[in-house]
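Here's the structure we're looking at; comments come further down.
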Amino acid sequence: MSAAQKPRQSIAPSALVSPTATVGTGTVVWDLSQIRDGASIGADTVIGRNVYIDRDVVVGQRCKIQNNSLIYWPAILGDGVFIGPGVTLTNDRNPRAVNPDDSPKTPDDWIPEGVEVADGASIGAGAILLPGVKVGRWALVGAGAVVSHDVPAHALVAGNPATQVGWVGRSGFRLVHQNRLLIDPVDGSRYRLDGEVLMDES
């Protein structure tokens, strides 16, 4: 049974889903999106319009990938990841169309480096993540950021190049200082800084 025939999915007629891709129960794939060979999409995920998911990419459960995003192999997205509109997860640190001898590059002429986005993290609209970057759990990358280095769990980063400008809780809101702790203003969860690592005190 192909991915497009599995029960309880909604895949637009104009979407291109490879027969060797796996699409989880309850997942929605909107118009003009492409999911290539060997890709794995978890349950209850939403793939927006005109999204490209490269071969063998892994997307977790309950993710949301917005319109026009490009997810290149060998990217890995954890559960509950949000990818905003027009985000690009790249994979080629030294991109060239040709080799030094002017011959066209083949798949054997470069080494792909995938981006990894951990559970619960969010990538804002138009952000670009460079090859090999790892984004920690519940981190938040601001819209339009160019991320060239790893992002710690719960970190808020923004700019080009992206730099850390604060911390966020699971709610996605910026944490506020209170009696040597950092507090999520939405759910009240408490965190403590241990050096450069945010520790959950809840």
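One is the number of the first residue; the rest follow in order along the sequence.
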Test item: Ser40 side-chain N/O and Thr22 main-chain N/O as donor-acceptor pair under 3.5 Å: no
Salt-bridge criterion met for Asp44 and Arg62 (N-O under 4.0 Å): no
Single-linkage hydrophobic cluster, 4.5 Å side-chain cutoff, Val115 and Trp73 together: yes
hydrophobic_cluster_shared for Leu193 and Tyr191, side chain cutoff 4.5 Å: yes
Check: Gln9 side chain, Val23 main-chain N or O, donor-acceptor pair, under 3.5 Å: yes
Any donor-acceptor N/O pair, Asp119 side chain to Asp79 backbone, under 3.5 Å: yes
Donor-acceptor pair, side chain of Ser14 and main chain of Leu32, under 3.5 angstrom: yes
Distance-only donor-acceptor check, side chains Ser171 and Asp187, under 3.5 Å: no
Between Thr90 and Thr88: side-chain donor-acceptor atoms closer than 3.5 Å: no
Exercise: do Asn50 and Asn67 side chains pair donor with acceptor under 3.5 Å: no
Test side chain to side chain contact (heavy atoms under 4.5 Å, CB included) applied to Lys134 and Asp150, Leu129, Ile76, Val147, the passing residue: Asp150
Main-chain N/O of Asp108 paired with Thr106 side-chain donor or acceptor, under 3.5 Å: yes
